[in-house]
Amino acid sequence: MKKSNEIAYKKLSTMVSYNRDTGDFFWLERAGADRKTIVFNKRYAGKKCISMDSKGYIFFCVKIEGKQFNILAHRLAWFIANGSIPDDEIDHLNGIRDDNRISNLRCVSRSVNMRNARMPSNNKSGFIGVSFVKQTGKWRAKATGDGKRIHLGYFTSIDEAVAVVKAFRSANDYTDRHGA
């Protein structure tokens, strides 16, 4: 990470309190008697930080040393709990994007994070990795492992395709929540 990002994480971590057990962040009171600080303290000090982006993640938008930073709460939680900016992605184990309890977070590669993904809204078969191929009249089973698409076969029934995909997931450390 850039040095400026590390400065932003450190500064922001002094502006909020983080409860590891609940995953909540609260704004701390700021020192100073200028109008801007007084207004901030009256409006926000002691209150829960609840800015949420369109994907459901809590985030902070702060200006530090004249530069604006958008920092996701789960990444800040990791920083506060572990003392370093995560190199990889932070995965919410239970899939709830605003549940930032440290026990619900893990630092993982993109590939591992995707093994905990929910079912896409455009899925038609009801199971990730299974689709119907009109040209063959069969069900295709596929998966992704370490960034590569893996063809698992064509099957006459959806149940056969689902069984093959489930077996692949079981052997490759997918979470039980994957595709739910």
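All values derive from a computational prediction rather than experimental measurement.
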Check: Any link between Val112 and Trp78 through a network of hydrophobic side chains (Ile, Leu, Val, Met, Phe, Trp, Tyr) touching at under 4.5 Å?
Finding: no

Check: In terms of hydrophobic clusters joined by side-chain contacts under 4.5 Å, are Leu72 and Ile58 together?
Finding: no

Item checked: Option passing side-chain contact (heavy atoms from CB on, under 4.5 Å) with Lys36 (candidates Asp34, Val39, Ile38) -> Asp34

Margin query: Between Arg106 and Leu93, is the side-chain contact (heavy atoms from CB on, under 4.5 Å) condition met? List the steps.
Written below: CA-CA 7 Å; Arg106 64 180 180 163; Leu93 291 167; 3.3 Å; yes

Checklist line | Rounded distance [0.5 Å steps], NZ in Lys42 versus CD in Glu29 | finding: 11.5 Å

Next item on the list: Please name the pair of heavy atoms, one in Ala141 and one in Phe155, separated by the smallest distance, quoted to 0.1 Å.
Entry: CB-CE1, 3.7 Å

Margin query: Pair Cys49, Phe26 - check side-chain contact (heavy atoms from CB on, under 4.5 Å), show working.
Written below: CA-CA 5 Å; Cys49 306; Phe26 296 89; 5.5 Å; no

Notebook entry, point to check: Is Ile150 reachable from Val165 through a run of I, L, V, M, F, W or Y residues, each pair having side-chain heavy atoms under 4.5 Å apart?
Noted result: yes

Note to self: For a 4.5 angstrom cut-off between non-hydrogen side-chain atoms, does Asp88 reach Val108?
What the structure shows: no

Next item on the list: Compute the centroid of each ring, for Phe132 and then for Trp139, and state whether the two points are separated by less than 6.0 Å.
Entry: yes

Check: Under the 3.5 angstrom rule, does the side chain of Lys47 hit a backbone N or O of Arg43 as a donor-acceptor pair?
Finding: yes

Item checked: Where Cys107 and Asp87 come nearest, the two heavy atoms and their spacing -> SG-N, 4.4 Å

Checklist line | Distance (rounded to the nearest 0.5 Å) between Leu12 CG and Cys61 SG | finding: 10.5 Å

Next item on the list: Assess whether side-chain hydrogen bond (donor to acceptor under 3.5 Å, both in side chains) is satisfied between Asp159 and Ser157, documenting all intermediate values.
Entry: CA-CA 5 Å; Asp159 294 334; Ser157 79; 5.1 Å; no

Margin query: Quick check: closest heavy atoms across Arg75 and Glu89, and the distance to 0.1 Å?
Written below: NH1-CA, 4.2 Å

Next item on the list: Is it possible for you to say whether Phe69 and Tyr44 belong to one hydrophobic cluster, with membership spreading through side-chain heavy-atom contacts below 4.5 Å?
Entry: yes

Notebook entry, point to check: When you measure from the side chain of Asn70 to the backbone N and O of Phe59, does any donor-acceptor pair fall under 3.5 Å?
Noted result: no

Notebook entry, point to check: Is there a donor in the side chain of Ser84 and an acceptor in the side chain of Asn82, or the other way round, less than 3.5 Å apart?
Noted result: no

Check: What heavy-atom pair brings His92 and Tyr57 nearest, and what distance separates the two atoms?
Finding: CE1-CE2, 3.8 Å

Item checked: Exercise: identify the closest heavy-atom pair between Thr144 and Phe168 -> O-CE2, 4.4 Å

Margin query: Just verifying a value: how many Å separate Met114 CE and Arg110 CZ, rounded to the nearest 0.5 Å?
Written below: 5.0 Å

Item checked: Any side-chain heavy-atom pair of Lys11 and Glu65 under 4.5 Å -> no

Next item on the list: Would you kindly confirm whether Phe127 and Tyr174 end up in one hydrophobic cluster when ILVMFWY residues are joined by side chain heavy atoms under 4.5 Å apart?
Entry: yes

Notebook entry, point to check: Roughly how far, to the nearest 0.5 Å, is CZ of Arg118 from CG of Asn123?
Noted result: 13.5 Å

Item checked: Straight-line distance of Asn100 CG to Leu105 CG, nearest 0.5 Å -> 5.5 Å

Margin query: I'd like to know if the side chain of Ser125 reaches the main chain of Val130, judged simply by a donor and an acceptor atom lying under 3.5 Å from each other, with no hydrogens or angles considered.
Written below: yes

Checklist line | Check: Arg115 side chain, Asn172 main-chain N or O, donor-acceptor pair, under 3.5 Å | finding: yes

Check: Hey, what do you get for OH (Tyr18) to CZ (Phe79), rounding to the nearest 0.5 Å?
Finding: 13.5 Å

Notebook entry, point to check: Does the pair Val16 and Phe60 meet the rule for a side-chain contact (heavy atoms from CB on, under 4.5 Å), with working shown?
Noted result: CA-CA 10 Å; Val16 297; Phe60 299 92; 3.9 Å; yes

Note to self: Please give me the minimum heavy-atom distance between Ala117 and Ile128, naming the atom from each residue.
What the structure shows: O-CD1, 4.2 Å

Check: Any side-chain heavy-atom pair from Met15 and Leu28 closer than 4.5 angstrom?
Finding: no

Notebook entry, point to check: Distance only, no hydrogens: is a donor on one side chain within 3.5 Å (strictly under) of an acceptor on the other, for Asp98 and His74?
Noted result: no

Next item on the list: Would you sort out whether Arg97 and Asp99 count as a salt bridge (charged side-chain N to carboxylate O under 4.0 Å, His left out), showing the intermediate values?
Entry: CA-CA 6 Å; Arg97 294 174 176 176; Asp99 182 355; over 6 Å; no

Checklist line | Charged tip of Arg30 within 45° of Phe40 ring normal and under 6.0 Å | finding: yes

Notebook entry, point to check: Does the side-chain contact (heavy atoms from CB on, under 4.5 Å) test come out yes or no for Phe25 and Ile80, once each step is laid out?
Noted result: CA-CA 11 Å; Phe25 288 87; Ile80 291 170; 4.0 Å; yes

Check: Do we see a donor-acceptor contact under 3.5 Å between the side chains of Asn104 and Asn94?
Finding: yes

